[in-house]
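Worksheet for the structure shown next.
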Amino acid sequence: MSTHHQYMARAVALARKGLYSSDPNPRVGCILVKQGAIIGEGFHLRAGEAHAEINALRQAGAQARGATAYVTLEPCSHHGKTPPCSEALIAAGIDELYMAMEDPNPLVRGRGKKALQDHGITVHSGLLAAEAEALNPGFVMRMRSGRPFVRCKLAMSVDGRTAMASGESQWITGAAARKDLQQLRARSSAIITGIGTVLKDDPQLTVRLQGASRQPLRVILDPRLSTPPGAKILQPPGEVLIVTASNEPRVAEPLTALGVEVVQLAQGRDRIDLPALMALLAEREMNELHLETGATLSGAFLRAGLIDELILYIAPKLMGDSARGLFHTPGLEKMADAVNLNIEDIRAVGSDWRLTITIRK
């Protein structure tokens, strides 16, 4: 591995430190190198606070003049909650910059690079681009496609069952898998569930991970506004959004009185418009959506082409023929109708296995 790769790999590792906190901003890392030594490094911790480049420049101080910067994302060139990082790098007097990837944000794309080049700074791009993009699947998708990245978590037995016929499902997986799930929740912008899960399991769906400073928005898809005001999911911490097909304000009053936001997105009677939901959440700067739903709702997202990644935990159990299946997917009757998948990763998590799966297009 070249020295340039090693420096960029360090910047990627720094960016990962913002995995649970930088949302809705991307996770970005930066290091400054001069005469073969790292003189400054930083990452973006939280929206509204200093970006990775600024933190690295502060650490380097006057030594930044003549240095080379390695940053995982093109330095911003517009005024948002903070001033442009490209201007700060120019003012600091760096000579050269390696960036892993161009910023897909239309407000930035190519402009930060051009600003640096216009001031005589040599810019290289593409170094560890795939690694940098993998840190920000939601931000990249929202900027390029106008919708968030959707990750669906499912847990099943070896024979493909998610609950007993009675609905009993706690616990299919072991403690290590449940801890791993907390990390998936913590990195998400929003956690989505359905009214069936709320009524059956009464989950809270909060992040209970040491060191996590942010609670994702909890979204309940509830076509008929059946959420009980006493449901655990409506309790603090964090905010709750209920999306419904119902147009009955009086039914919503007990929920809105609790501070819960209720939005109507109907697609026919008793059906929620899932593409409209994606547009709404993208408008609210939601990057990564985490689905924890039953077979019916996960099947609806799958049929709508809205699942980008499946995280499937497989427990070493057999639950029998009468137990409930993984997806509700009516219409799959011939092998030609089958949904084809790509298995991207398999690893042991305690006594269970975790598969990371993408949908083959």
Side-chain angles (χ1 to χ4, degrees), residues 16 18-27 130-156 162 172-173 177-194 197 203 205-209 212 214-221 238 241 243 274-275 277-282 284-314 326-327 329 339-347 349 352-361:
R16 196 170 287 113
L19 189 64
Y20 304 140
S21 60
S22 70
D23 192 84
N25 288 356
R27 298 120 184 176
E131 289 81 353
E133 184 165 334
L135 281 172
N136 294 296
F139 177 79
V140 170
M141 176 162 281
R142 182 164 63 87
M143 291 301 164
R144 289 178 180 168
S145 304
R147 74 164 178 86
F149 179 91
V150 179
R151 180 181 292 111
C152 180
K153 167 264 174 184
L154 296 163
M156 72 176 194
T162 63
I172 293 176
T173 55
R178 296 197 294 274
K179 183 177 180 180
D180 191 67
L181 167 62
Q182 287 293 319
Q183 296 174 341
L184 293 177
R185 286 182 183 177
R187 66 174 292 164
S188 303
S189 308
I191 299 170
I192 298 179
T193 195
T197 299
L205 295 185
T206 51
V207 173
R208 299 180 291 277
L209 186 68
R214 182 184 58 86
Q215 288 291 338
L217 174 71
R218 290 168 290 174
V219 181
I220 306 169
L221 304 191
L241 168 67
V243 180
L274 295 181
L277 173 65
M278 295 297 102
L280 172 69
L281 295 178
R284 298 187 181 197
E285 297 187 310
M286 300 284 140
N287 291 327
E288 295 181 31
L289 306 183
H290 174 85
L291 299 185
E292 288 195 37
T293 67
T296 299
L297 192 51
S298 58
F301 271 87
L302 183 67
R303 293 194 304 275
L306 293 174
I307 293 180
D308 302 296
E309 182 178 87
L310 288 171
I311 301 294
L312 178 60
Y313 296 96
I314 304 178
L326 196 65
F327 282 102
T329 49
V339 179
N340 296 305
L341 309 173
N342 293 318
I343 298 178
E344 308 291 348
D345 181 72
I346 303 176
R347 66 184 63 196
V349 181
D352 305 307
W353 287 93
R354 187 187 78 188
L355 277 63
T356 301
I357 300 169
T358 55
I359 313 298
R360 197 179 299 173
K361 304 298 184 183

CD1/Ile346 to CD/Glu344 distance, rounded to the nearest 0.5 angstrom?
10.5 Å
Gap separating the CD1 atom of Ile172 from the CE atom of Met156, nearest 0.5 angstrom:
10.0 Å
Provide the closest heavy-atom pair for Tyr20 versus Arg214 in the form atom of the first, atom of the second, distance.
O-NE, 3.3 Å
Spell out, as yes or no, whether a donor-acceptor pair under 3.5 Å connects the side chain of Ser145 to the backbone of Arg142.
no
Is any side-chain heavy atom of Thr206 closer than 4.5 Å to a side-chain heavy atom of Arg218?
yes
Would you call Leu135 and Glu131 a side-chain contact if the rule is heavy atoms closer than 4.5 Å?
no
Close side-chain approach of Leu291 and Val150, heavy atoms under 4.5 Å
yes
Would you check, one step at a time, whether the test side chain to side chain contact (heavy atoms under 4.5 Å, CB included) holds for Arg151 with Ile311?
CA-CA 7 Å; Arg151 180 181 292 111; Ile311 301 294; 3.8 Å; yes
Do Val243 and Ile192 have side-chain heavy atoms sitting under 4.5 Å apart?
no
Are any side-chain N or O atoms of Asn342 and backbone N or O atoms of Thr358, one a donor and one an acceptor, separated by less than 3.5 Å?
no
When rounded to the nearest 0.5 angstrom, what is the spacing between CG in Leu306 and CZ in Phe149?
12.5 Å
Is there a side-chain contact between Leu310 and Ile359, using heavy atoms and a 4.5 Å cut-off?
yes
Return the NZ to OG distance between Lys153 and Ser298, rounded to the nearest 0.5 Å.
11.0 Å
Can a donor-acceptor pair be found, under 3.5 Å and without considering hydrogens, that links the side chain of Arg185 to the backbone of His290?
no
Knowing that exactly one of Pro216, Ser188, Ser189, Pro24 qualifies, which makes a side-chain contact (heavy atoms from CB on, under 4.5 Å) with Met286?
Ser189
Heavy-atom pair of closest approach, residues Val140 and Glu133:
CG1-OE2, 3.7 Å
Determine whether Leu274 and Met278 satisfy the following criterion, side chain to side chain contact (heavy atoms under 4.5 Å, CB included), listing intermediate values before the conclusion.
CA-CA 6 Å; Leu274 295 181; Met278 295 297 102; 5.7 Å; no
Side chains of Asp23 and Arg187, heavy atoms from C-beta outward: is any pair under 4.5 Å?
no
To the closest 0.5 Å, what do you measure between CD1 (Ile314) and CZ (Arg354)?
12.0 Å
Between CG of Leu181 and CD of Glu292, what distance do you get to the nearest 0.5 Å?
4.5 Å
So does Asp308 pair up with Arg147, basic N to acidic O under 4.0 Å?
yes
CA sep, side-chain torsions, deciding dist, call: Thr197, Leu297, side chain to side chain contact (heavy atoms under 4.5 Å, CB included)
CA-CA 10 Å; Thr197 299; Leu297 192 51; over 6 Å; no
Side chains of Leu221 and Leu277: closer than 4.5 Å at any heavy-atom pair?
yes
Under 4.5 Å between any side-chain heavy atoms of Tyr313 and Asp180, yes or no?
yes
